[in-house]
Number of protein chains: 2
Amino acid sequence: MLLARFRNLFFLPSNPMAQFMNPILIETLKRIALLGGAKRELEISSSALGSSLGVSQQAASKRLIDMEKAGAVRRGMSVKRQRVKITESGIRELRREYLEYRRIFEDRNRIYLSGKAASGVGEGRYYMSQNEYLEQFGKALGFEPYHGTLNIDLDDAEASKLQSLDASEGIVLRGFSSGGRTFGDVKCFKAKIKGAECAVIIPKRTHYRHMVEVVAAKRLRETLGIKDGDILELMIEI
Amino acid sequence: MLLARFRNLFFLPSNPMAQFMNPILIETLKRIALLGGAKRELEISSSALGSSLGVSQQAASKRLIDMEKAGAVRRGMSVKRQRVKITESGIRELRREYLEYRRIFEDRNRIYLSGKAASGVGEGRYYMSQNEYLEQFGKALGFEPYHGTLNIDLDDAEASKLQSLDASEGIVLRGFSSGGRTFGDVKCFKAKIKGAECAVIIPKRTHYRHMVEVVAAKRLRETLGIKDGDILELMIEI
DNA sequence: ATTACTATGCACCGAGTAA
DNA sequence: TTTACTCGGTGCATAGTAA
């Protein structure tokens, strides 16, 4: 599936180097940073770098060449010595990596989702037209939601993150009966999208799907200038 | 150089899995953690994982098998579904990685060195037998140093970290003349070794070498139970 | 639909070596 | 001593396919 590769590039527009930076080069870049090459020109032989990485001098030399081609480091070569410094672009790469690890260990109550803004009427929108839900929602979340929802379409891997919502109760809007129809409990989670406060709503008895529905006080499509197909980053608090 | 590999293992005794966890598997483990597999059993198909990693279903499947062999994940296989959870050992691996990145971005005023306790009389020890240095040292560092120094032997890569000390003035002990001999300025840096306060001393006009000399209020070899050849982790504040 | 085998090809590695 | 080339081996990748 070559498409997957393209999609990944698409998801990381601020990272033009990614296509050349594989995990091996990232590891090498990290090592150089740990040796001090992030802040200043580091004088290091390829054999010293190699032994620090647990690889040969030749392999370290090759990696330095590849990283230079990828724009992650700059080198000053003198006759018998090289000085290595990580570029701005290389630092960005490392920071991106760092932030991912930080999410794992520090943002344990948050889920970060990435998906496409999509049209289509979901159940959530229907629920948010019921006054009984709306009143509970206003009390619990502190704002009255706009009557529509923003749908976000997820691929399989992103959708699997929704499993984390199982463990958390979230904010429950109690079900009720009205006009002979029964409405079940609905789960809400506080969320943010491009910094804007919003909430994710999910029928409590449901299996996970590829769509999340987001509500906010104002019409997000307008306030944030969202068009169908835009890639959105959503942060959910669990 | 196969030796390099062994040395690395030696430097990381708390990481018995490292020999099987290459950068590719670490990357995969990180992705699984980001999808939620660190906290709970994650239900994810190998093709979804693959597309999230930008590799094929087959490659993702292989990586899962390899990680399971390495003890980094545990899997529950049902007929058409697998559930993946990162083991304690896998979490440790990720945390080790995380801490390295944190050092890069958060500990910008610290250097972490790893080396071997060594015998031998260095210049530092000689300097620390001069009262003029000792008095200045006591005022600046807040403790009177024990009359000996602990030497730490560094390999090439670790020694290159000492270049960071160039940029920083450190704590300068002024030179003087005594008995017809001239003593130059000496640089000190606050440091810690196994939690104990100490200091690194370096002649100001010197090129970097493979040895650092550490002084402390008490004899570190005794208080910390250090023998020649022990691997020591030293943290220097710059 | 899954997972994961086999076969084949590419990329990375280390040894040897040139400059 | 350095860096970095070529070359041959190996390990990881994907395609095809079985179960």
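Keep in mind it's a predicted model, so treat the numbers as computed, not measured. Below, chains carry the letters A, B, ... as their sequence lines are ordered, and counting in each starts from 1. We use all heavy atoms of the structure for the numbers below, so side chains are in, but hydrogens, waters and symmetry mates are not.
Here the side chain of B:Lys80 is nearest to one of C:dG14, C:dA1, C:dA4, namely C:dA1. Comparing D:dT3, C:dT2, D:dA15 by their closest approach to the side chain of A:Gln57 singles out D:dT3. In the set C:dT3, D:dT14, C:dT17, D:dT14 carries the atom at the smallest distance from any side-chain atom of B:Gln58.
One side chain, A:Thr149 or A:Glu213, offers a donor N or O that lies under 3.5 Å from an acceptor on the other. For B:Glu106 and A:Tyr98, the side-chain atoms include at least one donor-acceptor pair closer than 3.5 Å.
Between B:Asn22 and the phosphate of C:dC12, there is no side-chain N or O to OP1/OP2 separation shorter than 4.0 Å.
Using a 4.0 Å heavy-atom distance criterion, A:Gln82 is classed as a sugar-phosphate-only contact.
Under the salt bridge (charged side-chain N to carboxylate O under 4.0 Å, His left out) test applied with B:Glu43, the options B:Arg81, B:Arg75, B:Lys80 reduce to a single match, B:Arg81. When A:Arg74, A:Gln82, A:Arg83 are each tested for a side chain to side chain donor-acceptor pair (under 3.5 Å) with A:Glu41, only one passes: A:Arg83.
Between B:Arg81 atom CZ and C:dA1 atom P there is a gap of 14 Å when expressed in whole angstrom units.
With hydrogens and angles ignored, the 3.5 Å screen pairs a side-chain donor or acceptor of B:Asp185 with a backbone N or O of B:Gly175.
Of the charged side-chain nitrogens involved, at least one lies within less than 4.0 Å of a carboxylate oxygen, so that A:Glu100 and B:Arg31 count as a salt-bridged pair.
Using a 4.0 Å cutoff on non-hydrogen atoms, the parts of residues 59-68 of chain B near DNA chain C are B:Ser61, B:Ile65, ordered by number.
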